[in-house]
Amino acid sequence: MIKLLDCTLRDGGYYNAWNFSSELVTDYLEAMDSLNVDFVEIGLRTLKNEGFKGGCAFSSEYFLSSLNIPKNLENKIGVMINGSEIVDKTTQIESLETLFNNSSDSIVSLVRIACHVHEFEACLPASKWLKDNGYLVGFNLMQVADRELEEITKLAKLASDYPIDSLYFADSMGSLSPEQVSLIVQALQAGWSGELGIHTHDNMGQAIANSLEAINGGVTWVDATVTGMGRGPGNGQTEYLSLAIEGLRAQTGNPTKLFEVIRKHFKPMQAKFGWGTNPYYYLAGKYGIHPTYIQEMLQDSRYSDEDIIAVINHLKVEGGKKFSLGTLESARHFYSGEPRGSWSPRNEIEGKSVLIIGAGPSIKDYQGLIENYIKTHKPYVIALNTQIDIDQSLINIRAACHPVRLLADCQEHLTLPQPLVTPLSMLPEDIKEALLSKDVLDFGLDVTPQTFSVSENYCVLPNSLVVTYALAIANSGGANNINLVGFDGFGAEDPRSSEMEQTLKIYLDANGLPLCSLTPTRYDIPTQSIFGL
């Protein structure tokens, strides 16, 4: 018979630091009881304590004893430990003794160990200690999608020498197809005769299909989470998988309370945190990129849609199977090598007033006034990206620096008459090739947090916003002052507002040229009315 394990409070904790309300936990456990799940993985059990995390991050006996666990679930509570914490054989037993009592003195009945391939053999002996202390033991083998089938069989043979109740494999990147799942199941069965389990991720919308394919191949343990709540795009959804396999389980249950807990607790959380597959997670699954990269970017207001695509394109080449914040930061910068360029703005801008044209709606509102101002005062005019509301003959140059935006706008740039200023020599080859027929002025760019500095033919900026780049061009060129139009700003709650305000603060702290907006703006900069100029 198929065993359904729900691990919502463990896997879902990657979104809320495992800090679930007591009301949610109570309602959730009642729903799991009503659904007759075979096991509830209540959370992690860990020796690490860095930063605040809720009770499900530790799943201590004290915490578990405070929960209203229905009687029918009393022998169905599980926890997971990370293999990295017990991989050292010299301290393995000591760590286990610190983490666990004998099962007779514990609310926990199932312990699962999650480990990468390189940790697997060293962690296997822990199963004997856990078994001797009365626990059911599961092993979750992570990131096997890119391993040769022969290697998977060898790993399964290693496990066959230990008292493991269920050998799981995880589709960690959400990249597997049902066909690949079938092959992995067969490879495991070639070296292992015990029960098998699968833990699926939903990057490519295949979590349920992969779970069902694994069952068809002989897997008897399957994981799911309520609404799929879990790291990155999440997992197979309990509400769907439980219905799909109800004829294969020893006891089916009533899903009514599950639907209630979804409506009451999980849908509002999903709206807040945003788990569930989307095109970005799909691409991450397709290219074998760790889903936490996508999760981090979606929760970070600094990352635009263009940024996320650019990072994915970087990681699919450089590799992103293991998540690292450092790798994410470097991937966001886009530009290769030391900052460099060949164009000096000073030759055209020195001693002039500069007007930078943004993309705000006020450009259309004051188009005639802006064009009259340019004709009368003759500033050096820099338009951002493909802004086309102002008479083209009045614009001197265009500035664009974001690789993905450049690629998307390439055909339009080729039809616009002005030279394009961009960090050409530092951009990917496909963008260079796309701009071969364009008059391009190469002004280099490097991104360093909290920095605004300019040189003759390159700049170092706190971000890759095109407005910051245009400000650098004007400053490098030795302009007298900078006026802005079309910098309306965003609403107070829009994260782009805080990024722009921070950028302006860094700019002014670096003694950048004076700024003045000639059209209405929400930013904290001096303003004059274009009507009076």
Side-chain angles (χ1 to χ4, degrees), residues 1-16 18-45 54-57 59 61 63-80 106-112 135-136 138 140 165-166 168 197-200 202 207-208 211 215 220-230 234-270 275:
M1 286 293 181
I2 302 301
K3 300 179 181 67
L4 175 61
L5 183 150
D6 187 280
C7 50
T8 305
L9 302 187
R10 192 269 301 170
D11 215 342
Y14 287 100
Y15 274 101
N16 67 346
W18 296 273
N19 194 26
F20 296 93
S21 71
S22 57
E23 181 185 12
L24 179 149
V25 175
T26 296
D27 292 348
Y28 161 80
L29 289 173
E30 288 179 357
M32 294 299 102
D33 179 34
S34 182
L35 198 61
N36 276 324
V37 298
D38 296 281
F39 290 96
V40 171
E41 192 166 71
I42 205 78
L44 294 165
R45 185 163 286 187
C56 291
S59 305
E61 295 296 333
F63 172 73
L64 296 180
S65 67
S66 72
L67 304 180
N68 298 312
I69 300 175
K71 186 172 182 60
N72 289 335
L73 290 181
E74 287 179 354
N75 295 316
K76 299 179 178 180
I77 300 299
V79 296
M80 176 173 280
S106 175
I107 295 170
V108 174
S109 58
L110 168 68
V111 178
R112 297 201 298 175
Y135 293 100
L136 291 170
N140 283 35
D165 294 285
S166 180
Y168 264 79
I198 187 170
H199 177 90
T200 59
D202 208 27
I208 297 295
S211 297
I215 289 171
T220 54
W221 292 60
V222 287
D223 286 6
T225 59
V226 177
T227 65
M229 185 182 189
N235 313 99
Q237 302 95 327
T238 302
E239 57 271 25
Y240 298 147
L241 188 58
S242 62
L243 295 173
I245 64 173
E246 61 181 357
L248 304 175
R249 297 178 58 216
Q251 286 184 305
T252 56
N254 187 334
T256 303
K257 287 189 176 180
L258 174 59
F259 298 154
E260 290 175 358
V261 83
I262 289 172
R263 175 187 53 79
K264 181 178 179 181
H265 296 291
F266 286 92
K267 280 301 181 183
M269 280 200 301
Q270 189 172 24
W275 67 82

* **Check: F266 and M229 side chains under 4.5 Å, non-hydrogen atoms** => yes
* Heavy-atom check, side chain of K3 versus side chain of S166, under 4.5 Å -> no
* With I107, which of L67, L64, L73 fulfils side chain to side chain contact (heavy atoms under 4.5 Å, CB included)? -> L64
* **Heavy-atom side-chain proximity of L24 to L9 below 4.5 angstrom** => yes
* pair V40-L29: side-chain heavy atoms closer than 4.5 Å -> yes
* Taking only residues two or more places apart in sequence or in another chain, which ones pass side-chain hydrogen bond (donor to acceptor under 3.5 Å, both in side chains) with Q270? -> K267
* Asked: Given side chains that start at C-beta, do those of E239 and P255 come closer than 4.5 Å, heavy atoms only?
  -> no
* What residues, two or more places apart in sequence or in another chain, satisfy side-chain contact (heavy atoms from CB on, under 4.5 Å) together with A244? -> L212
* For S22, check side-chain hydrogen bond (donor to acceptor under 3.5 Å, both in side chains) against everything at least two apart and list the hits. => none
* Do W275 and T227 get their side chains close enough for a donor-acceptor pair, meaning under 3.5 Å? -> yes
* Structure fact -> So salt bridge (charged side-chain N to carboxylate O under 4.0 Å, His left out) across residues 241-254, not counting sequence neighbours, yields D38-R249
* Asked: Which residues pass the side-chain hydrogen bond (donor to acceptor under 3.5 Å, both in side chains) test with T256, sequence neighbours left out?
  -> N254
* Minimal non-hydrogen separation, L241 against S211, with atom names -> CD1-CB, 4.1 Å
* Structure fact -> Residues passing the ring pair (Phe, Tyr, Trp, His ring centres under 6.0 Å) test with F63, sequence neighbours excluded, are none
* For D165, all residues meeting salt bridge (Lys or Arg N to Asp or Glu O under 4.0 Å), sequence neighbours excluded -> K131
* Structure fact -> Across all chains, not counting sequence neighbours, the ring pair (Phe, Tyr, Trp, His ring centres under 6.0 Å) partners of F20 are none
* Among pairs that include at least one residue of residues 252-264, which meet salt bridge (charged side-chain N to carboxylate O under 4.0 Å, His left out), considering only residues two or more places apart or in two chains? -> E23-K264, D27-K264
* **ring pair (Phe, Tyr, Trp, His ring centres under 6.0 Å) against F39, all qualifying residues, sequence neighbours excluded** => W221
* To do: Decide if atom CG of N75 counts as having more than 12 heavy atoms of other residues, nucleotides or ligands within a radius under 6.0 Å.
  => no
* Does K76 reach the side chain of D33, with side-chain heavy atoms less than 4.5 Å apart? -> no
* Residues in salt bridge (Lys or Arg N to Asp or Glu O under 4.0 Å) with R112, at least two apart? -> E41, D223
* Enter the distance from I215:CD1 to L248:CG here, rounded to the nearest 0.5 Å. => 6.0 Å
* V226 side chain reached by M32 side chain, heavy atoms, under 4.5 Å -> yes
* **Partner residues of T238 under the side-chain hydrogen bond (donor to acceptor under 3.5 Å, both in side chains) criterion, sequence neighbours left out** => D6
* Picking from I245, I208, T200, what satisfies side chain to side chain contact (heavy atoms under 4.5 Å, CB included) with V222? -> I245
* Do V79 and R10 have side chains that get closer than 4.5 Å, going by heavy atoms? -> no
